[in-house]
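Shown next, in C-alpha cells, is the structure this report addresses.
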Amino acid sequence: MPAIDIPPRYNSKEIESKWYELWEKSGYFKPVVDETKKPFVIVIPPPNVTGILHMGHALNNTIQDILIRWKRMQGVPVLWVPGVDHAGIATQNVVEKKLAKEGKTRQQIGREKFIESVWKWKEEYGSTIVRQLRRLGSSCDWTRERFTMDEKLSRAVRESFVSLYEKDLIYRGNYIINWCPRCHTALSDEEAVHKEIQGFFYYIKYPIDPKTPVHGQDHILIATTRPETMLGDTAVAVNPNDERFKTFAGKRVILPLMNRSIPIIQDEFVDPEFGTGLVKVTPAHDPNDFAMGNRHQLEFVNILNPDGTINENGGNYRGLDRFEARKRVIEDLEKAGLFVEKKPHIHAVGHCYRCHTMVEPYLSKQWFVRMKPLAEPAIKAAQDGRIQFIPERWTKVYLNWLENIRDWCISRQIWWGHQIPVWYCHECEKRGKVPDNLSSPNASVGDIQTCPPQIVGGSASGGDSRFRGNDSRAASINAGIIVSRQDPTQCPTCGDKNLIRDPDVLDTWFSSWLWPFSTLGWPEKTKDLQYFYPTSTLVTAPEIIFFWVARMIMAGFQFMEKEPFDTVLIHGTVRVEGGQKMSKSLGNSIDPLEIIEEMSADALRFSLMMLGATDVYLSRQKFEQGRNFTNKIWNAFRFCVNNLADFKPEDFRPLEKMYAKEFSVIDKWILTELQDAAEEIDTHLEECRLSEAANSVYHFFWHSFCDWYLELAKPVLMGNQTAERKVVQNILVHVLETSMKLLHPFMPFITEEVWQRLKELIGGEYFANETVMLARWPFADQRIRFEKEANAVRLFQEAVGGVRDLRSRLGLKPAEELNEVTIVVKNHEAEEALRTFQKEICFLNRIKHLSLFQTFEKKSGMVGKVYSHIEIFVSGLSESDLKREGEKIREKIAELEKHIQSINDRLGSEQFISRAPEEIVEKEKERKEDFEKQLESYRENLTLFG
RNA sequence: GGGCAAUUAGCUCAGUUGGUUAGAGCGCUUCCUUGACAUGGAAGAGGUCACAGGUUCGACUCCUGUAUUGCCCACCA
C-alpha cells in the first residue's frame, strides 16, 4: 500500500482552511441545475452588516448547512443564498458613534456625506460576518451573495412600494406611533418591546372652571402615570354611565400649570373601576386619547420635540427633557396645592428594540402598509398546511398575530436605508393641494385607520405645518404627489420642476420581507427566480416570526402569488447555563470563533447539534463532546489505516458484491447496525430532527463501530488468516467511508480529510467523486443487512460484560488470565449464538478455558452472574461477592413476580380478553411465559447463594 | 390582563400517532496508562414519568383541574 503518514493529532486549523478554499474554488457550493428535478433552496436569514458571529448565528447556520449538505449529497440541486442586511437603525447608530469619536455629528456633515461614510464603513467592516460564516463551514453559493442595499434589491424595494401604493395598500397619515427619542425615528409596533417597569400613579387635582360651576365641588381628581403629558391635555373624560360624575358632564376644568380651560367629555372607553374614574385626555401622546380626540373633535396638542424634550407648546417647561419635566411638573403642582399623592404602580412600557430607550407614543405623519388584505392568504396557507412550522406549536403564534394584525408603520426618520420613492411638488403644496392623509386615487373611502386629526404644533417631520389639511380623498387627492419607479423631473399636475423628495427611509424589514425573491432577481423574471422560487425551508429563531417570517409570507403571496417556502424550522434560543439569554450586552457570551480556534469548527457544530432541539444551554465544557468526537474519529481512522498496510487497492471489493458466507457474525452485525443507522439518520433528517440524527450517527460510530467492532477486529487483524483478514479490511474501509458520508453534513471538515485519505489509499470507482461533499448519500442497503445476528450479538455482549464484572471482582489484573469459565445456556438458540462467539469471549476476557453447557452440575462457591438466558460460573469468588449477587437475584425475582402478577391480573380480566386486540393478548401471554421461565431459572440459582 | 408551552435520572433532554422490564449525553462511583484514542476503556449506582381526578381492557403518552416554571402578546390612563 502507499505509505500514508497519519499525524497522531487532528490538525483542524490547517485542514479546515485547506478544504474550504478548495470547495469554494472548485464551485462545489454552486447548484447543479437540472430542470427535471425540484431544487432544495434555503435563503439565509441575512445577518446585520454590523454583526459578528455569535452562538445564535452558529446554531442557525449549522442547521442550514446540515440540510443543504445532506440534500446535495442526495443528488438534489441545492442552493443556499447568502447575504447581509443593511440594518438601518443599527448601522446608522454604529457609524454615528464612530463620527462622534471624531467629534462630528451626522447633521454637521450632511445626508450625502453621511451615507457615503456608511458605505465606506461597510466596505471596511461589513464582510466580517461573511468571513466568519465561511469559518463555520457554511456551503453557501457565495457567487449569489446579496446585500439589501444592492442596486437590484433596492429596485425590488422600490417596485414593491410603488405597486402597493397603486393597489391602495400603502397610505400616509397622522397617527400615534412609537417614537424613539434617542434614534429620532418612528418605530413599528414590533420594534417597541414592552417591558414591565416600576412606575407611579400620580394623583392630581384639576380645578373646576369657575365659568361652569359644579355644586359642592371645586376640583376633580385624576390619576396618571405620565404627569408631564398633562401639558398637552385637551379634555378630561368620564364614563357616561358613571353615576358619580353625572353632574360633571358638559362642565369644564382649568388645566393646571397651563391655565387652559378644557371640557369634561363622556366616553365609553373610560373604565369607572380604574384609577379615579376620571381620565385626562392627551390626544397627541396616547393611542386611546388619540381615538377619543377624534371621536370628540378635540384639539391635538403635541408637546414633545423629536428628541424627547418639551416643545413650545409646553409653556414654561419648554426645552426640558421629558423626565426632568415630569419632576418639575410634580414640584409645581405641589406648590400649587394640586398634587395629592403618588402610589407605586407596575406597568408595561415600550422600549426601542435597538437602543432600549423608553419610547413615546407620538403623533406624527408616517407611511403605513395596510396589512389586513396581505394577511389573508398568509393565514390560509398556514391553516391548510401549505406552510408548516416545526415545531408545530409556532403555527398558533403566527396565526394569532396575523389574525390581530395592525397596520405597519414603515417610514423611518433616519438616513441609512431605502429612501421613500415619493416626491412632493412645491408649487402644488403652496396652493394647499397636498393633503395630510394620502393614499392611492382608487382608494375606497373609509377604511383608513381613523379620521385625520387637526394638528397643533410640531410633528415628527420637523414641525412642518405644510401638510396640515383635511381629508384626503378629495378629487385632487394626488395633486403634487409623485410616487414613482423612476426619479421624476417634473410635477405631472402643474409641470413645476421644484420637487422635494420625502426625506424618510423605509423600515429595514421592508427590504428583508422581499428576501426570498429579491435575492433571486425579482422584479425581473430571471432564470433563477423561475427555477429556485419558491424556496424550501426557512431556518430561524422564534424572535423574528413577526418581524420577518410572517411578513415574508405575506410578501410572497402579494408579489409572487406563491408562498416563499413550505417549511419554517424554528430552533431554540442560545442561553448560558442558568437560563440567561446569551448576549454580548450581558457579557456572558461564548465566542464561537474561539471555540473554532481551540477545538475546531466540526466540534462546535457537532456539539451544538448534540445539545438538543430546544433552547440550548451552553458552557465551554459542552463543546468538549464535539471535540472528543473528532478525536475519536481521527484515532479510529488511524487505527484502521495502520491495519491496512498490506491492503492493496485491488483487494478492495464492494461489500454488496461479497458473499454472505464470507462474513462472520460480528461482520454481519456491524453491517446491519450501519444500515439501521443510515435509515435512522435519514428519517430524522427528513423530519428535521437534527439532534436525533446526530445522536444516531454518534452512537453508531463510537459505541458500535469503535467499542465493539474494532475491538473484535483486532485478533483477526493480528492473526494470519489472510482470507478473514481481507474481509475485515474491506469492512473497515466500507464502514469508514460510509460513516464519513453520514457524518459529513454535521462535520464537513474532518470527514473530508478522512475520506480523501481513504480515497488516496483505495482509489478506484468506489471513490469516483472528487469530494465527499458530492459523494452519494448512503441508503439502507438490504443486501448487507442481517437481522438474525443482532440478537445473538446482544447475548454475546451480555456474556462479555458478565465475565468482565467477575474479573474485576476476582481482582485480576488486565494481563492475568482467567483459568476456567463455564457458561450455562438456557436454550438452544443461546447456545448456538454463544458458540459462534467462543473465541471472541475468550479474547476479550483473557479466558484460558471456556466451557458451554446446557446443563451443568453446580458446585457450591462456583457461581458468578445470573442472567435471564445465561449463567456464568467461575471459582474463587469471595463470600461478599456471592452474597451481593444473591441479593441482586432476590431483587430480580421480586421484580419478575410483580410483572407476572400484573400480567395475570390483566389476563384474568374478562374485559381485557374481550376488548384488547388479539395480538396484544397473545403478546401478553408470551411475555408471561418468558417471565415465568426467567423466574424459574433465577429461583433455581438462588439456592447456590445461600 | 390574554395566549402558548413545559414539568421524565444530579444536569440537559429523547420517548414517532395509548400496548416489552421508560432511554441518551454529560456528571457521579469503582477499576484500568492492554500497542487507535486517558479528548480513552470497562463495570456500576441513579427515575412511584409535578400533583389530583377522569377516559380506557391498558396512560409517561389522551381529557379536566391544581401547582410551579418559562416564553410571547397587550393602547386600562
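Throughout, a chain's letter reflects where its sequence line sits, starting with A, and its residues are numbered from 1.
Nucleic acid contact class of A/Ala348 (heavy atoms, under 4.0 Å, all strands): base. Using a 4.0 Å heavy-atom distance criterion, A/Phe269 is classed as a base contact. Using a 4.0 Å heavy-atom distance criterion, A/Gln934 is classed as a base contact. A/Arg807 comes within 4.0 angstrom of nothing in the nucleic acid, heavy atoms only. If you check every strand for non-hydrogen atoms under 4.0 Å, A/His684 touches nothing. Within 4.0 Å of A/Glu919, counting heavy atoms only, lies no atom of the nucleic acid at all. Using a 4.0 Å heavy-atom distance criterion, A/Asn642 is classed as making no nucleic acid contact. Within 4.0 Å of A/Arg9, counting heavy atoms only, lies at least one base atom of the nucleic acid. Within the 4.0 angstrom heavy-atom criterion, no nucleotide atom of any strand lies near A/Met292.
Between B/rG19 and B/rC60, the two C1' atoms lie 13 Å apart (nearest whole Å).
Contact annotation: side chain of A/Glu692 to base of B/rA24, donor-acceptor pair absent below 3.5 Å.
When Watson-Crick and G-U wobble pairs are counted only if both distances are under 3.5 Å, B/rU64 pairs with B/rA52.
Cation-pi geometry between A/Lys714 and A/Phe639 is met: the NZ or CZ atom falls under 6.0 Å from the ring centre, inside 45° of the normal. Both tests do not hold together for A/Lys342 against A/Tyr202: distance to the six-membered ring centre under 6.0 Å, angle to the ring axis within 45°.
Regarding contacts with the backbone of B/rG3, every side-chain N or O of A/Trp401 stays at 4.0 angstrom or more from both OP1 and OP2. The phosphate of B/rC72 (OP1 or OP2) has no side-chain N or O of A/Lys396 nearer than 4.0 angstrom. Contact check, A/His703 against B/rA24: no side-chain N or O comes under 4.0 Å of OP1 or OP2. Under 4.0 angstrom from either OP1 or OP2 of B/rG25 there lies no side-chain N or O belonging to A/Lys622.
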* From CA spacing to verdict: side chain to side chain donor-acceptor pair (under 3.5 Å), A/Asp267, A/Asn239 -> CA-CA 5 Å; A/Asp267 196 288; A/Asn239 190 298; over 6 Å; no

